[in-house]
Structure formats: C-alpha cells, structure tokens
Amino acid sequence: MDKVLRLARANDVVIFSKSSCCLCYAVNILFQEIGVHASVNEIDNDPDGREMEKCLMRMGCSSVPAVFIGGTLIGSTNEVMSLHLKGQLIPKLKAYEQKATS
Amino acid sequence: MSYPSTQFAIPRQMGIYEPFRQVGVWRETFSGGNSSNIGASTIVEVDSNLENKIGFGSHESMEPSGNDQESHRSADKVQRRLEQNREAARKSRMRKKAYVQQLETSRLKLAQLELELDRTRKQVAYGGSSFGGNHMGYNGIVDSGITTFELEYGHWVEEQHRQNIELRNALQEHATEIELQILVEGGLNHYATLFRMKADAAKADIFYLLSGIWRTSVERYFHWIGGFRPSELLNIVESQLEPLNDPQRLDFHNLKQSSQQAEDALSQGMDKLQQTLSKTLEADQILIGETYGSQMGAAIEKFEALENFVSQADHLRQQTLQQMCRILTIHQAARSLLALGEYFQRLRALSSLWTARPREPSAESYAS
C-alpha cells in the first residue's frame, strides 16, 4: 500500500499498468497527445506487483490502467476518457500544476 | 334487406366485383396488427361504395315516408353518401400508397437477402471464411448470442427510423421544449440500448462485432473499432448547428478536439494489440508441443483485450453524444440527433441501392 501511494505521489501524472496491457498504452498515448508526460509503473514487472494490484483494487480501481493525478486516484480508462470529453481532464492537470508551484 | 357479412366475402371469392378485390388484396397485405382495424372500417366504407356502384337503394325503404321529409332526407342521404365516398376514396388512396411503399421496401429487402444467400453459398462452397469472418463458422453452429443480437439490431434500426420521423415532425410542427427534451432523451437512451446490446454480442463473439458484418456495406466502409467514429458524429452535426454563440463554439471545438485525441489514443492501442497478438503467434516461438498450447492460450487471452477496446470505443461514442447534447440548446440537440439519425439512414439506403443495382448474371463469365 505504501509503495503504491509513494509511487502515486512521485509525479504529477502516474499510471499503474501491465506490460501486456494495450489499453494502458492507449491511455499513455492520450496523455502524450495533450502534452503531458505520465510516469508509468508496470506492476507485472514489479516484485511486489500482486500486492500493489490488491491495493489498487481496495482503493476502488479494479483494473489497469490506474491513473493518479497529483497523488489522487482518478480511475481507469473509462474515467480518464469521460473527464477528457467533458473538458475536465486538462483543468485537473493544470490545477495540480498550480498547486505544486505555489 | 339484410347485409350479412358473408355477402362481402362471396364476391371476393368469385372475383366479380373489382373494388372488393382490390381492397381485399391491400387488406391481406397488411397481415398482422393493423389489418383488423383497416378491415373493419373497410367493410363499412366499401359497403356504402357498393351501394352507389351497384345501386342497392333499399336502405331508404326503412325511413318513414312523406314527400317533403323524404326529399329532405334524400338530399341529406346523398350528401352523406358522397361524404362517405370521399372518405373511402381518400382512405383507399392512402392504403394504396402504403402498400406501394411496403412493396418497395420488400424489393430492397429481397435484394439484400439474395446477396446474403449468395455470400453464404460461396462460403459453403469454398469452405473458408468470407469477408468479415461470418459468425456461421465452419461447423454451421450459430452462436445464440449473435442470433439474438441480429434480431434485436434489426428492431433497433426500425425503432431508430421511427424516432427520426417523430423528431422531424416535432421540429416541423414547432413542438415545445419539453416535448423536444423527451425526444432527445429517448434518442440518447436508444443509443445506450445499442451499446448494451453490443456489449453482449462482444462476449458472444468479438470478431463478429469487430467485423461490422451486422451493418450495411456502406456503414462498414466508415467502420472504426466496432462502430461509427465519434468524431464523425460531430462533423455531421456541425453544419446543422449554425449559428453557435461564442461559449458554445468554444465548447464544441474542445469536444471535437478531445474526441479526436481519445480516438487516436484508442486507435494506436488497437494497433499495438494487433502487433502483440501477431508476435504471440510468431513461428520461432514454437519450440515444443506444450509451448504450442500456451502460445494459443496467450493469444486467446488477448481477445479479452479486444472486448475492452470495443467497450471503450462504445463508451467514447456514448460520451460524445451526451456531451454534445449538453453543450447545445434543446432545439439544437434535437436537430443534431435528427441529422445523425437521417445520415445513418441514408448510408443504409445507399447500401440497399447498391445491393439492388443491376448486375451481369454470373453465368456469363463462363460463356467464353
């Protein structure tokens, strides 16, 4: 649990994924398209991977990708896509940027 | 003089009285719910028609006599009969029109079925999968989930056409905002139903859904991950929407951009999946017997990812529709849904025309 939270806060945008997961890849591409660099943690290549997966599920994210912005869990692909179409994804990113610099 | 109902039937069987036969034919065409209603009124109207044409005047004999009263009543009766005739003639014209329309629809359907039959025959003859990976497969077993989907999708399309007509009428007749709101919500719910149906079909056979074989050929040309492109929706609708006020214009532009970005991301993800699947099946990975099994297993696991992609694509479609309606006024939203509905209807009609086009019979290709 600690590891997940620690990694989640390590960067502005953090994606927990699996190396074989192409949806995770797609979400990463989306962030790139809007000019954001997301840091990707592949839990299947992590020795604590299974624990991390359980932790993410307990936090409410049942599948990868699990996306964190500013240390807060946003959700999986569905949530990210919905936010983006509502025009709320970029403001969320900007809001965290401003908080970080203040 | 009595008019037993059987008297109506007899001339039809004998084929003597033209008007009876014509109406009888049209009535029989509408077998199903409608016919009983049409039939009942038909009998009444044609009955009075019959009076005029064949000249049975015995109805009058039931009225009390008295010259003045009689001439008044006769005049009234004449009026009434003329009125009934007009009514009958009008209804007759409407029925004829509906009949002709139904004929034309059937003709197109027949052409479609012939094409389908042709395709199936070829598939059986050559034993391989035809274009699009038809669900019938090699052993002829049809997945019931797919059969259900095809049936339900047929109904879905019919309902869509009905909703288009309703929207068009409402807009032309300047319906109230509340009425339009109901229609817009109905439209959005209808799309939601489609996505639910597709989710079930994806579980039954993801390749069937991906192939787009369940749509018409022209729709398939525009296919993207199991359905229409979300960004295409916005393009179709844009021209309908002028004038947009400034906040709307910006929101619309942003929505276009985000849906395009989301689409690109999913497209690239799909490409990656294709590459991954291909890699999983590469020959040099077959080392020993049991590896073959695990290789196949790994490949099949990837199919679940396909389901997820189609699900995401449908989610994107639904979100695009909803956000679009949120940005627009009710009136604009109604016009947009109508524009979309009619656009897809036109694609389907185009496919039907294409299917029904005159072609050289295949026997000629063997002539030389």
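Each chain gets a letter, A, B and so on, in the order the sequences are listed, and its residues count up from 1. Note that these values count all heavy atoms, side chains included, but never hydrogens, waters or copies made by symmetry.
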So, taking the atom named [atom1] in [X] and the one named [atom2] in [Y], what distance separates them when rounded to the nearest 0.5 Å?
{"X": "His84(A)", "Y": "Asn254(B)", "atom1": "NE2", "atom2": "CG", "value": "9.0 Å"}
{"X": "Leu266(B)", "Y": "Leu23(A)", "atom1": "CG", "atom2": "CG", "value": "7.0 Å"}
{"X": "Met81(A)", "Y": "Leu316(B)", "atom1": "CE", "atom2": "CG", "value": "6.5 Å"}
{"X": "Asn308(B)", "Y": "Ser63(A)", "atom1": "CG", "atom2": "OG", "value": "7.0 Å"}
{"X": "Leu83(A)", "Y": "Ser258(B)", "atom1": "CG", "atom2": "OG", "value": "11.0 Å"}
{"X": "Ser76(A)", "Y": "Gln312(B)", "atom1": "OG", "atom2": "CD", "value": "7.0 Å"}

Inset, instruction - Against chain A, work out which of Gln318(B), Gln322(B), Lys272(B) has the most heavy-atom pairs shorter than 4.5 Å and name it. - result: Lys272(B)

Does any backbone or side-chain atom of [X] lie under 4.5 Å from a heavy atom of chain A? Answer side chain, backbone, both or neither.
{"X": "Thr320(B)", "answer": "both"}
{"X": "Thr276(B)", "answer": "side chain"}
{"X": "Gln319(B)", "answer": "both"}
{"X": "Gln261(B)", "answer": "both"}
{"X": "Ala262(B)", "answer": "both"}

Heavy atoms only: give me the nearest [X]-[Y] pair and the separation to one decimal.
{"X": "Cys22(A)", "Y": "Gly269(B)", "result": "CB-O, 3.6 Å"}
{"X": "Gln268(B)", "Y": "Tyr25(A)", "result": "O-CE2, 3.7 Å"}
{"X": "His315(B)", "Y": "Ser82(A)", "result": "NE2-OG, 2.9 Å"}

Legend entry - chain B contacts, top residue of Leu30(A), Ile29(A), Ile34(A), Leu85(A) (heavy-atom pairs, under 4.5 Å): Leu85(A)

Should we count [atom1] of [X] as having more than 12 external heavy atoms under 6.0 Å?
{"X": "Gln345(B)", "atom1": "CD", "answer": "yes"}
{"X": "Arg50(A)", "atom1": "CZ", "answer": "no"}
{"X": "Lys92(A)", "atom1": "NZ", "answer": "no"}
{"X": "Asp2(A)", "atom1": "CG", "answer": "no"}
{"X": "Phe303(B)", "atom1": "CZ", "answer": "yes"}
{"X": "Glu177(B)", "atom1": "CD", "answer": "no"}

